[in-house]
Amino acid sequence: MKAVNVQPTHEHEWEAEPGLPAPLPGGETVLWQGSPDWRQLALHAFHVRKIGIYFGLMLALQAVYLLGDGATGGDLWRPLSVSFLTASLALGMLAGVAWFAGRTALYTLTNKRVVLRVGIVLTLTFNLPYKRIAAASLRRYGQRSLDIALQLYPQDRIGWFHLWPHQRAWHLSHPQPTLRCLPDGEAVSALLMREWQRVHAGEALVTADTASNTAAPITTPVRQPARHAPSARPASEPQQGLPA
């Protein structure tokens, strides 16, 4: 399995365009840009709601234990207040990280590739040509947001920690770059499929809906790339050009 050579582009470095560290080659245009909804990111990537429920249960158990020991007045409310403030601080920190992750991430779709600029302290930009995308998975969170996970060919690989939290959960051996918590995810997924099929000359992109556990119709199998095909390269290497 070939690993993608990831090179960081730091936040203080100049960007030719937002989310793109170099000018686009001739014939390539930006079709869409967007960022995650940080509130949905906090709920579904950082699990603030689940952790909040856990803290609530722990507070309830602590109150039952203190009442069982006969604690009243200050002996009851002081430890509960300390626990409540500690839990609130932890949840606030998680929400803050989600806010920074959503604010610093920028996803770009062009007519040739998907570009992910991610990272809070160390910014990394990933260039994923449509020809290196084998399939896509959709995960819906009610009517508010949607994840689009991109499955790469086995020859390509991006480190799980390089992508976090912009990766599909529990896919550690072959991480899938993911456009997380998109408020306009339906339109973006339709645009992605259209451009993928255009680049692959009529092939059908395998799209699985993980919420309903159904797959879109497949008219023809997804073509496996030739062994000599180049691996996905980060957008921070524009001098090497795009894969054919």
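The first residue of the sequence shown is numbered 1, and numbering continues consecutively from there.
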After noting the C-alpha distance and the side-chain angles of I158 and D156, does the key distance pass the side chain to side chain contact (heavy atoms under 4.5 Å, CB included) rule? CA-CA 7 Å; I158 300 176; D156 303 319; over 6 Å; no

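- Within the 3.5 Å criterion, the main-chain N or O of R39 finds a donor-acceptor partner in the side chain of D37.
- The structure places CH2 of W170 at 8.0 Å from CG of L172, a figure rounded to the nearest 0.5 Å.
- Panel note: side chain R157, backbone L152; no donor-acceptor pair is recorded below 3.5 Å.
- With a 4.5 Å cut-off on side-chain heavy atoms, Y153 and R132 count as touching.
- W38 contributes atom CH2, which lies 12.0 Å from atom SG of C181 (distance to the nearest 0.5 angstrom).
- Of the possible polar contacts, one joining the T178 side chain to the Q176 backbone as a donor-acceptor pair under 3.5 Å is found.
- Taking both residues in full, the closest heavy atoms of G19 and T125 are given as O-CG2, 4.1 Å, listed atom of the first, atom of the second, then distance.
- Every residue two or more places apart in sequence or in another chain that forms a salt bridge (charged side-chain N to carboxylate O under 4.0 Å, His left out) with R78 is listed here: D75.
- Checked by atom type and distance alone, the side chain of H171 pairs as donor or acceptor with a backbone atom of A169 at under 3.5 Å.
- Summarising the local packing, CE of M58 is surrounded by more than 12 heavy atoms from other residues, nucleotides or ligands at distances under 6.0 Å.
- Enclosure of atom CZ in F84 is not indicated, since only 12 or fewer non-hydrogen atoms of other residues, nucleotides or ligands lie within 6.0 angstrom.
- Connection of L106 to V121 is not established within any shared hydrophobic cluster, with ILVMFWY side chains joined at heavy-atom distances below 4.5 Å, either directly or through further cluster members.
- The shortest side-chain heavy-atom distance between L192 and W32 does not fall under the 4.5 Å cut-off.
- Closest approach of G185 to I148, counting heavy atoms only: O-CD1, 4.0 Å.
- Between Y107 and H166, the distance from one ring center to the other falls under 6.0 angstrom.
- Between L116 atom CG and L124 atom CG the span is 10.5 Å, to the nearest 0.5 Å.
- In this structure, T29 and L31 have side chains that are in contact, with non-hydrogen atoms separated by less than 4.5 Å.
- I53 places none of its side-chain heavy atoms less than 4.5 Å from the side chain of K50.
- Taking hydrophobic clusters as Ile, Leu, Val, Met, Phe, Trp and Tyr residues chained together by side-chain heavy-atom distances below 4.5 Å, Y54 shares a cluster with L94.
- At least one donor-acceptor pair closer than 3.5 Å links the side chain of H200 to the backbone N or O of Y130.
- Of all non-hydrogen atoms in V48 and A95, the two that sit nearest each other are CG2-N, 4.3 Å.
- Between the side chain of N127 and the backbone N or O of V115, no donor-acceptor pair lies under 3.5 Å.
- Contact check for T110 versus T108: side-chain heavy atoms found under the 4.5 Å cut-off.
- In terms of heavy atoms, L128 sits closest to I133 at O-CD1, 4.1 Å.
- With contacts defined as side-chain heavy-atom distances shorter than 4.5 Å, the pair R117/F126 does not qualify.
- Judged purely by atom type and a 3.5 angstrom limit, R180 uses its side chain to pair as donor or acceptor with the backbone of P165.
- Linking Ile, Leu, Val, Met, Phe, Trp and Tyr whenever their side-chain heavy atoms come within less than 4.5 Å puts L109 and V118 in one cluster.
- Using a 4.5 Å heavy-atom cutoff, the side chains of T104 and T123 are not in contact.
- Closest non-hydrogen pair, S145 versus Q40, comes out as OG-OE1, 3.4 Å.
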Take L179 and L182, measure what side chain to side chain contact (heavy atoms under 4.5 Å, CB included) needs, and give me the verdict at the end. CA-CA 7 Å; L179 283 64; L182 299 177; 3.7 Å; yes

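- Linking Ile, Leu, Val, Met, Phe, Trp and Tyr residues whenever their side-chain heavy atoms come within less than 4.5 Å places F46 and I120 in a single cluster.
- L43 and V97 fall into different hydrophobic clusters, defined by Ile, Leu, Val, Met, Phe, Trp and Tyr side-chain heavy atoms under 4.5 Å apart, directly or through other members.
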Y141 and D147: side chain to side chain contact (heavy atoms under 4.5 Å, CB included), yes or no, with the steps? CA-CA 8 Å; Y141 301 109; D147 284 356; 2.7 Å; yes

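- Taking each heavy atom of G74 and P79 in turn, the nearest pair found is O-CD, 3.9 Å.
- The backbone N or O of L80 lies less than 3.5 Å from no partner atom in the side chain of S83, so there is not a single donor-acceptor pair.
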Verdict with reasoning, R168 to S137, per side-chain hydrogen bond (donor to acceptor under 3.5 Å, both in side chains): CA-CA 9 Å; R168 187 177 179 186; S137 297; 3.1 Å; yes

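- A salt bridge links R113 with E28: the closest approach of a Lys/Arg side-chain nitrogen to an acidic carboxylate oxygen falls below 4.0 angstrom.
- Proximity of a side-chain donor or acceptor of Q167 to a complementary backbone N or O of G159 within less than 3.5 Å is not detected.
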Please walk me through it: do Q62 and L59 pass side chain to side chain contact (heavy atoms under 4.5 Å, CB included)? CA-CA 5 Å; Q62 184 181 13; L59 281 171; 4.0 Å; yes

